[in-house]
Amino acid sequence: MPTMEVDGKQISWEGKKMILQACLDNGVELPHYCYHPGMSIVASCRICLVEIESPDPKDPAKLVRVPKLVPSCQTPAVPGMKVYSKSPKAVANQKAVMEFLLINHPLDCPVCDQAGECYLQDYSFKYGRSESRFDENKAKKPKKDIGKHVVLYSDRCIMCTRCVRFTREISGTGELAVFGRGHKEEIDVFQGKPLDNPLSGNVIDICPVGALLDKDFMFTQRVWFLKTTPSISPFGSGGENILIQHNQGRIYRIKPRFNAEINKWWISDDIRYGWQFVHENRLAELRVADAAHALPMAWEQAEARLEQTLLRSVSERGQGSTLLMLSPFDTTEEMFLAARYIRKVDPQAAIGLNMSRIDGQDQVFTNPTTGQVTYTIRADKSPNRSGAEKMRRHFGDNIVMFNDLASQIASGRYATVVLLADAIGHNDDELAALLSPIANRIVLSSRPSRLTGQATMVLPVCTWAEKSGVYENFEGRVQAFEKAIEPPEPARAAGHVFWNMLGMPGTYSAAQVRQVMADHGLSEYAAVSIPVHHEKVELMEFSPL
Amino acid sequence: MAFSGPVLLKRIPNDPQQRKLLRYADYVATGGYASLKKAWGMPAEDIIKLVVDSGLRGRGGAGFPCGTKWTFLPKESFPRYLAVNFDESEPGTFKDRYLSDYDPHVLLEGIAIAGYANKISTSYIYIRGEYHKQAKILEEALLEAYANGIFGQKHPGTDIVHNCYVHRGAGAYICGEETGLLESLEGKRGWPRIKPPFPAVAGAFAKPTIINNVETLACLPYILEHGAAWFKSMGTPSSAGPKLFGVSGHVNRPGVYEDELGIKMSTLIDKYCGGVKGKYRAAIPGGVSMGILGTDQFDAQLDFDIGRKYNVLGLGTAGVIVMNDQTDLVVMLRNIVRFFAHESCGQCTPCREGTAWMHKMLSRIVAGYGTAKDFDLLLEVGLSMGSMPGTTICGLADGANWAVKTFLQKFPEDFKKRLKRDVVPGVTLTPAGAAV
Ligand SMILES: Cc1cc2nc3c(=O)[nH]c(=O)nc-3n(C[C@H](O)[C@H](O)[C@H](O)COP(=O)(O)O)c2cc1C
Ligand code: SF4
Ligand code: SF4
Ligand code: FES
């Protein structure tokens with residue numbers, strides 16, 4: 001592997017890399033604004049400039065000092081090169097660029113959402129000067145509503161053009177452009193054509209400053225109060241890697257988590273803004289509807305009652321009279337435990353699987369210039385279809401296909417159905433009608449619906465944010481996620497319920513379940529790793545000038 | 001050094017009354033297109049060699065050797081384009097306009113020769129938006145040239161058909177910067193490109209492209225006609241040939257004049273312009289990007305070594321602006337910096353923010369509110385920008401850098417006497433002594 005020296009430190013890289021990218025890959029932080037690894041290089045912000053000594057092409061042993069500063073984002077790393085980002089010239093440029101970016105900046109950090117995760121703040125601290133030498137009037141630029149999810153504070157914009165490049169190169173929709181020239185230029189949308197595409201929220205993430213802000217998140221939290229939990233998107237079969245950011249049991253926003261093979265740096269707006277259901281309209285109690293009255297109860301009672309019901313039903317109507325309905329929204333662990341439990345009480349129990357919501361076709365985004373696929377929004381809206389199919393195969397016989405359910409139910413075969421409801425519920429009404437002839441209808445759900453309304457027993461369970469487990473995306477990639485927030489009382493993870501019912505030893509955890517699964521011939525689950533999220537904690541140093 | 005009479009201006013009489021637009025027939029009658037015919041009889045490589053040997057350097061501002069630039073085209077990579085830089089927006093520069101006002105065919109002949117030598121498929125004349133009349137003249141001349149088989153035909157001995165179009169800009173200085181020009185030509189914002197790739201490898205529409213100034217190309221018919229040695233007999237060893245000088249400011253007869261490179265500025269002004277109006281104080285050698293020549297530099301030799309010898313950026317466009325001792329240099333610099341602030345394309349942080357900041361500072365100083373610390377700050381901001389220190393993408397910022405730097409260094413007292421006042425907190429200062 002080729003190596004070079006950056007500020008006295010040896011770093012290596014593979015293939016063709018620019019100096020900046022090679023440094024970032026090695027954990028060597030060089031300041032940068034306009035550079036984004038997912039988009040074209042424009043080298044216009046000029047904060048990343050470094051001094052270099054490059055091997056003489058004629059005599060590689062000899063290093064030649066390049067007299068100019070060079071943009072590290074746009075200058076290829078060459079073996080044997082020496083890079084200086086802390087030399088007096090480089091530092092003077094960092095200070096100059098920071099000063100230029102701040103002379104017209106409104107310095108309204110106290111009311112800016114970006115404060116705390118702003119590269120202007122971070123770099124000011126690290127590379128800037130402490131006093132202002134600007135005695136002139138600041139330029140004033142307007143705040144603009146540019147789209148469904150995004151507000152632009154033009155006066156905070158540093159014209160890095162990342163957002164413009166995003167709409168040109170990633171979403172391919174081109175809504176954003178630079179208008180005006182020189183110091184008068186501003187980012188804007190064309191008249192009557194707002195920023196409106198299924199990936200629009202990403203521009204908020206890539207804006208290094210507080211210029212593009214999220215209407216949904218606006219003024220709800222200071223970012224330093226947010227805790228971050230790595231997770232997997234529950235809004236489709238893509239398996240997009242995300243971060244759930246939350247505080248005191250409430251989600252405030254979802255951000256993409258980089259995964260080179262799946263979603264890269266991006267997520268769709270469906271994923272970003274889909275989490276509201278977690279905090280809306282949750283089931284407040286465990287409930288059994290007896291003939292005449294509804295009865296709230298505690299988990300111990302409910303679990304006992306559930307078992308009673310099932311045992312009685314099997315003894316009265318015989319084996320095979322129980323139907324377990326799984327959902328491709330459940331984690332694989334939950335499906336495994338539910339199926340094991342049901343087969344324990346009724347070894348002939350049928351196992352069915354709810355349909356996925358399919359929205360048209362996969363929506364594929366390409367870079368109009370290169371034709372490269374940049375992002376795909378999957379038509380299949382369930383996060384764990386692959387896991388569900390795998391569990392169906394694992395539990396082998398007596399599997400019912402969704403299309404056969406109606407006739408089987410009509411034949412009066414089932415006395416009891418245990419249903420794990422979708423987190424979102426695209427076909428609640430249809431399912432409710434389908435299952436209504438079955439006498440005992442036990443529904444585990446996170447929210448009220450027609451299904452829970454007509455259930456004989458309702459058990460409130462967690463949403464994905466409140467539990468851990470694995471989802472398996474459209475290509476069968478098994479990805480674990482962690483619980484981000486506590487569920488609202490009295491909800492419990494469905495997996496936890498069946499863990500208890502099975503009388504498993506020890507505390508319930510998804511990782512434990514995966515060990516059990518591995519012991520039951522599902523060895524692939526033994527080594528599923530949980531993503532670790534590193535909060536960016538940097539020790540700030542002042543660069544000497 | 002031997003300059004025995006106008007070359008580029010040989011068809012344009014000095015007397016304004018007698019100047020007239022030369023049509024195709026007039027041009028041919030005075031020997032026009034004979035060089036093209038001659039070129040067509042030569043191998044393309046020989047023409048390139050001839051241009052290299054002539055020592056012809058670019059007349060657009062940077063002075064890059066023309067023939068050498070042509071040799072950067074990758075072998076066997078087609079199609080190739082020629083972009084003719086007729087953006088001519090540098091303040092004080094009006095030589096290309098003058099040439100095409102009267103003698104448009106010399107440019108077309110130059111394009112045809114360069115086209116043949118470099119196997120160009122399409123030539124675009126990128127003309128400044130404000131040049132309505134000149135665009136029309138060129139359009140008409142092009143029609144004549146097409147009708148007479150200059151364009152729209154295969155280059156002799158090849159299958160490459162050469163077409164030529166006039167493309168009108170929209171009035172931005174930055175579209176004269178060669179890669180800004182290419183972006184604009186492609187229908188994009190005129191934002192200069194980062195290099196590599198260089199235009200010779202991936203220029204217009206990502207194809208190999210040569211960019212040459214109007215005057216550079218207009219030299220070609222004469223080089224073909226008279227040879228490299230003749231061309232080199234004019235000028236200095238590093239700066240060969242005749243040159244158009246557009247002189248404006250405090251001279252008695254401003255205008256476009258031709259002489260050889262290396263002529264002293266004082267000679268140029270006395271010989272052609274009827275001398276300085278009043279007492280010479282300072283001059284700008286070639287467009288406001290080049291910085292300023294001092295009072296003791298009246299005899300500066302106007303050639304491509306001027307930068308090194310007289311502490312300016314370079315010869316630039318040779319659009320000389322002369323200033324007498326009545327000129328307010330602070331206001332002059334304010335106007336120059338206002339131009340750069342207005343014309344900065346806005347990509348690079350130092351240029352976008354720095355030019356606007358310096359403009360605000362200078363406007364304040366002009367208004368009488370300058371403070372002592374402004375001098376150093378202005379200089380520091382000016383010095384921080386440009387492609388030569390490496391802090392910006394293109395040379396526009398170098399122009400601002402050199403203007404500010406040389407004005408402050410060569411005429412510090414003009415500024416310092418405006419910066420006497422210190423800010424007194426709580427007291428509103430009225431602009432005093434400000435000659436706006
Ligand atoms: C800001 C800027 C503006 C320029 N404007 C012009 C122009 O108007 N006309 C021109 O011929 N060259 C202009 N140039 C120089 C061109 O970039 C380029 O060097 C020239 O067109 C090359 O042609 P030449 O080699 O024949 O001179 C400009 C350069 C800069 C940096
Ligand atoms: S709005 Fe943000 S991302 Fe877009 S150019 Fe401005 S600073 Fe960059
Ligand atoms: S130096 Fe100025 S004009 Fe040139 S590219 Fe940068 S911002 Fe644009
Ligand atoms: S990150 Fe290199 S110039 Fe912006």
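Chain identifiers are assigned alphabetically (A, B, ...) following the order of the sequence lines, protein sequences preceding nucleic acid strands; residue numbering begins at 1 within each chain.
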Most contacts with chain B, counted as non-hydrogen pairs under 4.5 angstrom, among [options]:
options	answer
Asn137(A), Leu69(A), Ile41(A)	Leu69(A)
Ile47(A), Val70(A), Val42(A)	Val42(A)
Gln74(A), Arg181(A), His183(A)	Arg181(A)

Can you confirm whether [X] is buried at [atom1], in the sense that more than 12 heavy atoms of other residues, nucleotides or ligands lie under 6.0 Å from that atom?
X	atom1	answer
Lys184(A)	NZ	no
Lys62(A)	NZ	no
Glu186(B)	CD	yes
Lys138(A)	NZ	yes
Glu131(A)	CD	yes

Check each atom of [X] against the heavy atoms of chain B and say whether the ones under 4.5 Å are side chain, backbone, both or neither.
X	answer
Phe134(A)	both
Val178(A)	both
Ile158(A)	backbone
Asn104(A)	side chain
Val97(A)	both

If you tally heavy-atom pairs under 4.5 Å against chain A, which of [options] wins?
options	result
Cys348(B), Gly346(B), Pro196(B), Ala341(B)	Gly346(B)
Thr392(B), Ile174(B), Thr355(B)	Thr392(B)
Pro350(B), Ala356(B), Ser363(B), Ser384(B)	Pro350(B)

Q. Any idea which heavy atoms bring Thr391(B) and Asn93(A) closest together, and the distance?
A. CG2-OD1, 3.4 Å

Q: Quick one: closest heavy-atom pair of Leu49(A) and Gly390(B), and the distance?
A: CD1-O, 3.4 Å

Q.
With a 4.5 angstrom heavy-atom cut-off, is it the side chain or the backbone of Leu377(B) that approaches chain A, or both, or neither?
A. side chain

Q) Given that the side chain runs from C-beta out, which part of Met388(B) has a heavy atom under 4.5 Å from chain A: side chain, backbone, both or neither? A) backbone

Q. Under the ring pair (Phe, Tyr, Trp, His ring centres under 6.0 Å) test, which residues partner His167(B), sequence neighbours left out?
A. Tyr126(B)

Q: Kindly indicate whether the side chain of Arg133(A), heavy atoms from C-beta on, has any atom under 4.5 Å from the side chain of Glu380(B).
A: yes

Q.
I want to check something: taking the side chain as every heavy atom from C-beta on, are Trp191(B) and Thr161(A) in contact at a cut-off of under 4.5 Å?
A. yes

(Q) For a side-chain contact (heavy atoms from CB on, under 4.5 Å) check, start with the C-alpha distance between Arg352(B) and Leu101(A), then their side-chain angles and the critical distance, and finish with the verdict. (A) CA-CA 10 Å; Arg352(B) 177 185 67 239; Leu101(A) 291 176; 3.7 Å; yes

Q.
Quick check on side-chain hydrogen bond (donor to acceptor under 3.5 Å, both in side chains): which of Arg364(B), His359(B), Lys360(B) does Glu136(A) satisfy it with?
A. Arg364(B)

Q) Can we say Glu353(B) and Arg46(A) salt-bridge, meaning some charged N sits less than 4.0 Å from an Asp/Glu carboxylate O? A) no

Q) What is the distance from atom NZ of Lys68(A) to atom OG of Ser387(B), rounded to the nearest 0.5 Å? A) 5.0 Å

(Q) Does anything in residues 393-407 of chain B reach chain A? List residues with heavy atoms under 4.5 Å apart, or say none. (A) Ile393(B)

